[in-house]
Amino acid sequence: MKIIDILRQDKLHLSCELFPPKQGTQLANVDRLVAEIAALRPSYISVTYGASGGTSAHTVDIADMIQNRFGVPALAHLTCASSTREHVASVIGQLKAAGIENILALRGDIPEDLPFPRPDQYRYACELTAQIRASGDFCIGGACYPEGHPEAPDIRTDVEHLRYKLDAGCDFLTTQMFFDNHLYYQFLLRLRGAGIDVPVVPGIMPVTNGKQIKRAMALSGNMLPPKFRAIVEKYSDDPAAMEQAGIAYATEQIVDLAANGVNNIHIYTMNKPRVARRIFENLSELIGK
Ligand SMILES: Cc1cc2nc3c(=O)[nH]c(=O)nc-3n(C[C@H](O)[C@H](O)[C@H](O)COP(=O)(O)OP(=O)(O)OC[C@H]3O[C@@H](n4cnc5c(N)ncnc54)[C@H](O)[C@@H]3O)c2cc1C
């Protein structure tokens, strides 16, 4: 099933993200992880490509497993900054052969130790999007950043750049995580004002590791609102308390988004099915309405 058809439905869905294991690790434990997340009946499961320390080598196999063994639509992430055009074409071919219909087209992080872009590489996600569009009948997603991408000079320019992605054939956008829903609402207004009218799926992360999130926020320059900062300050040394507070905070964000008419919310589950399950339980009366 194409994700754009899910996003057009006028009822609340939750989707989940997982990342492949590290290089050299077997896929053996992944089927248990996928089974646990699939049992929650998310609208789709996305699988990252070389992010969060996981290897890109397993992305196609895991997307195949999600969709063809567990019957949940899969969204395979695909990046281009560390690959040649030829390699990218071969991965698109593998996804097509596995019947994967949904790809999240990303640039990825620029490799630190190599010149970029080389002539045999795509420079921006919009170029990759065009390649995927030309390669088959895929539903294509793209990334967007309510607080602006860190390399963009300002948010207005970043939104202008998003337009290239859409012109190249991107069907929907998924946001970077945010901890203040007003950032999402303002961003949505900005996109609509710029004539960008595709669905914008908010990405919500239940934070279960306070130290990790402080580091990530410092690196991205993104904002930790005072209300959430206070939670992290108080509970980051107590993992069980931090997990409970992180789940409660994410639940509250999702309730607010749902009440304001958002149909699909993507949960950055970080390979923690227990956390995903608690969120789904907390929202059991809202899902599908
Ligand atoms: C939902 C989501 C999922 C992600 N999944 C992964 C993953 O699986 N693996 C992974 O490695 N990383 C992942 N990332 C991180 C992402 O790869 C990085 O944020 C990367 O730095 C930018 O990727 P992009 O696709 O947004 O790039 P682009 O859209 O190419 O944008 C990168 C920068 O270039 C600018 N730009 C874009 N187009 C143009 C143009 N035509 N001319 C001039 N400037 C332009 C933009 O303003 C931006 O500053 C994800 C991010 C998000 C939000």
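Start at 1 and go down the list; that is how both ligands and their atoms are numbered. Along the sequence shown, residues carry numbers from 1. Values below: every heavy atom of this structure, side chains too, minus hydrogens, waters and symmetry copies.
With respect to atom 44 (N) of ligand 1, the closest heavy atom belonging to the protein is His161 CE1, 3.2 Å. Protein heavy atom closest to atom 1 (C) of ligand 1, with residue, atom name and distance, is Tyr268 OH, 3.3 Å.
An N or O contact shorter than 3.5 Å links Tyr49 to ligand 1 by distance. Checked against a 3.5 angstrom limit, the closest N/O atoms of Arg123 and ligand 1 fall outside it. The shortest N or O to N or O distance between Thr157 and ligand 1 is not under 3.5 Å.
At a threshold of 4.0 Å, the pair Glu101-Lys96 does not count as salt-bridged, since none of the basic side-chain nitrogens sits closer than that to a carboxylate oxygen. By the 4.0 Å N-to-carboxylate-O rule, Glu233 lies close enough to Lys214 to be salt-bridged with it. Salt bridge Asp171/Arg133: present, at least one basic N to carboxylate O contact under 4.0 Å. A salt bridge links Glu252 with Lys227: at least one charged nitrogen is closer than 4.0 Å to a carboxylate oxygen.
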For this session: Check step by step if salt bridge (charged side-chain N to carboxylate O under 4.0 Å, His left out) holds for Lys272 and Glu36.
Result: CA-CA 9 Å; Lys272 291 186 175 135; Glu36 287 188 50; over 6 Å; no
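Judged as a ring pair (Phe, Tyr, Trp, His ring centres under 6.0 Å), and not counting sequence neighbours, His77 has no contacts. Checked against salt bridge (charged side-chain N to carboxylate O under 4.0 Å, His left out), Lys234 has no partners two or more places apart in sequence or in another chain.
The residue from Thr175, Thr79, Thr174, Leu162 that puts a heavy atom closest to atom 10 (C) of ligand 1 is Thr79. Heavy-atom proximity to atom 17 (O) of ligand 1, evaluated over Cys126, Ala81, Gly108, is greatest for Gly108. In the candidate list Thr129, Asp158, Asp167, Asp158 is nearest to atom 47 (O) of ligand 1, counting heavy atoms.
Contact annotation: Tyr145 has at least one heavy atom less than 4.0 Å from an atom of ligand 1.
Less than 4.0 angstrom separates some heavy atom of Leu104 from each of these atoms of ligand 1: 3 (C). Residue Asp109 has at least one heavy-atom neighbour below 4.0 Å for each of these atoms of ligand 1: 18 (C), 20 (C), 21 (O). Against a heavy-atom cut-off of under 4.0 Å, Tyr164 is close to the following atoms of ligand 1: 40 (C), 41 (N).
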